[in-house]
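Single-structure report; data block below.
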Amino acid sequence: MKALFRILIVCATIAFIGFMFFNTAKENEPLEGPNANSNIIPKTELEQPDVGAMSRPQSGMSTFIGQGTQMIVEQYGEPARKEPSSFGYEWWVYNTSVSTFFMLGVQNNIVTQVYIAGDKLDASPFKIGQKRDDIYRMTIIDYEVAANVGENIYIFSMSEEDMQTRLLVKFDGLFAQLYVDSETGELQGVRFTDSETLVLHQPYEMIYQGELVSPTPPSSFLQQEINEASARQLDDLINVTRAHHHLAPLERDEKLEEVAKLHSEDMKVQNFSGHESPTNGDLKKRLDAQGIIFSNANENLATAYFDAIEAMHGWQNSPEHRKVILNDKFSAVGSGVFLNYYTQIFMEPTKQKDDSEKDASEESLENSDE
């Protein structure tokens, strides 16, 4: 009898652990961007690296840089959204299709950068999906790249990891940041930019001679708009990323968006970086507080990235965060940004809820037949 009792206790314990495991929001460590540790060092005398620039592309979307927006509207129509940024330019977002997804940075009606992620777009001389080895064969790539803004000189230094996943290529009067998938070695996105925008972003370690180009801090009202814009961009970018890996898109969930937004702000205000808030608890508690029912949930966190594009590519090249992004069980997503704190929550709705909704629908249908 005692043996049977012990067996029942063990079975009950296993069942409880199984329930807690499958109905618990799983967590991984927050990702800190390379910008967190980037050194910006002034020099009185600076010798530029002896590396030549490649000829500027004569075709493709990089030719938009320095051009007026009228030609963009004539070719692609008005963007789905026009959104502010932390750097003074405006983002034009074209998200009609993941295969033609791109974003333009526009300042004073002039294009200052273009980010290309759709594989049907012309990213010449590159191609979305192109292998890293092929890029190295056709491109001049060096650890140090110099940029000039007026008489000021800026030299960016890439780390070993940058040389594999976040390359910087110099053309005549133009730069390209190449975002490469660390696992597949395929090009996932290209950001073409002018020199001033590159210096504003400071995406790598940098030494400079002259004046440091810095953005004007936005007002608190504008910063709120920037935060909301960055969250919407994360929602776009997650589905572009999943499309590259042949996965179904995620539906944007407003309740998840609110939880994500509050957590990003909480991390900044309370000066912590993690999944468990000192006041609001872990992800499960935060979802429960909003009345969100789920079978499985997880979240990716990041800080110290200068925009949503960089944060998404950072997550993609981090093994633990990548698993969350490419989990085919998730069907809903919510993103929240506060300054440079990024939260993206993924959810698989509970089956009990789906079944109850189905039963209610069937019952309603039966009543209508009567």
Side-chain angles (χ1 to χ4, degrees), residues 55-129 149 169 171-179 187-201 213 215-216 218-219 221-241 243-244 249 252 306-310 312-313 335 337:
S55 297
R56 184 166 179 155
Q58 298 300 305
S59 62
M61 299 183 73
S62 70
T63 59
F64 295 160
I65 306 297
Q67 300 296 319
T69 55
Q70 184 58 38
M71 65 174 294
I72 310 298
V73 174
E74 290 174 357
Q75 187 168 347
Y76 292 98
E78 291 289 339
R81 301 193 307 270
K82 294 181 181 181
E83 301 174 325
S85 76
S86 299
F87 300 96
Y89 55 77
E90 187 176 54
W91 277 121
W92 286 24
V93 181
Y94 288 83
N95 64 352
T96 304
S97 165
V98 294
S99 63
T100 57
F101 180 86
F102 71 98
M103 295 167 56
L104 296 174
V106 175
Q107 192 162 27
N108 299 324
N109 291 319
I110 299 297
V111 178
T112 62
Q113 67 180 307
V114 54
Y115 170 74
I116 304 164
D119 59 6
K120 301 299 183 185
L121 297 173
D122 187 352
S124 298
F126 310 107
K127 172 72 176 173
I128 300 301
V149 179
V169 179
F171 297 90
D172 289 329
L174 181 71
F175 296 85
Q177 276 186 276
L178 308 180
Y179 298 99
L187 185 63
Q188 299 291 293
V190 182
R191 188 199 302 249
F192 292 102
T193 177
D194 62 20
S195 57
E196 185 169 355
T197 304
L198 179 67
V199 174
L200 278 172
H201 289 165
V213 179
T216 302
S219 66
F221 177 77
L222 180 58
Q223 185 62 59
Q224 183 177 346
E225 291 187 344
I226 294 168
N227 295 340
E228 293 170 356
S230 296
R232 287 190 292 267
Q233 291 163 21
L234 284 180
D235 289 338
D236 287 331
L237 291 165
I238 184 62
N239 282 332
V240 173
T241 300
H244 285 159
R252 176 179 172 273
F306 68 79
D307 67 8
I309 294 169
E310 288 269 323
M312 182 57 65
H313 284 288
S335 306
V337 178

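Both backbone and side-chain heavy atoms feed into the values below; hydrogens, waters and symmetry mates do not.
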Checklist entry - Atom CG in Asp307, atom OG in Ser85: separation rounded to 0.5 Å? => result 8.5 Å
Checklist outcome for this item: Taken to the nearest 0.5 Å, the spacing of Arg232 CZ from Asn95 CG works out to 10.5 Å
Tell me if a side-chain donor or acceptor on [X] pairs with a main-chain N or O of [Y] at a distance below 3.5 Å.
X      : Y      : value
Tyr89  : Ile110 : no
Thr197 : Thr193 : no
His244 : Ala117 : yes

Checklist entry - Going by distance alone, is a donor N or O of one side chain under 3.5 Å from an acceptor N or O of the other, for Gln177 and Tyr115? => result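 No, Tyr115 and Gln177 have no side-chain donor paired with an acceptor closer than 3.5 Å.
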Are any of the side-chain heavy atoms of [X] and [Y] separated by less than 4.5 Å?
X      : Y      : result
Lys127 : Leu187 : no
Phe192 : Phe126 : yes
Val337 : Leu234 : yes
Ile72  : Pro79  : no
Leu178 : Gln188 : no
Arg56  : Ile65  : yes

Under 3.5 Å donor-acceptor pairs involving side-chain atoms of residues 96-108, not counting sequence neighbours:
{"from": "Ser97", "atom 1": "OG", "to": "Ser99", "atom 2": "N", "distance (Å)": "3.2"}
{"from": "Ser97", "atom 1": "OG", "to": "Ser99", "atom 2": "OG", "distance (Å)": "2.8"}

Checklist entry - With the threshold set at 4.0 Å, does a side-chain nitrogen-carboxylate oxygen contact exist between Asp236 and Arg81? => result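 The answer is yes: the pair qualifies as a salt bridge.
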Item to check | Evaluation steps, side-chain contact (heavy atoms from CB on, under 4.5 Å), between Arg191 and Val114 | outcome: CA-CA 6 Å; Arg191 188 199 302 249; Val114 54; over 6 Å; no
Next on the checklist: Among Leu222, Ile226, Asn227, which residue satisfies the side chain to side chain contact (heavy atoms under 4.5 Å, CB included) criterion with Ser86?
Outcome noted: Ile226
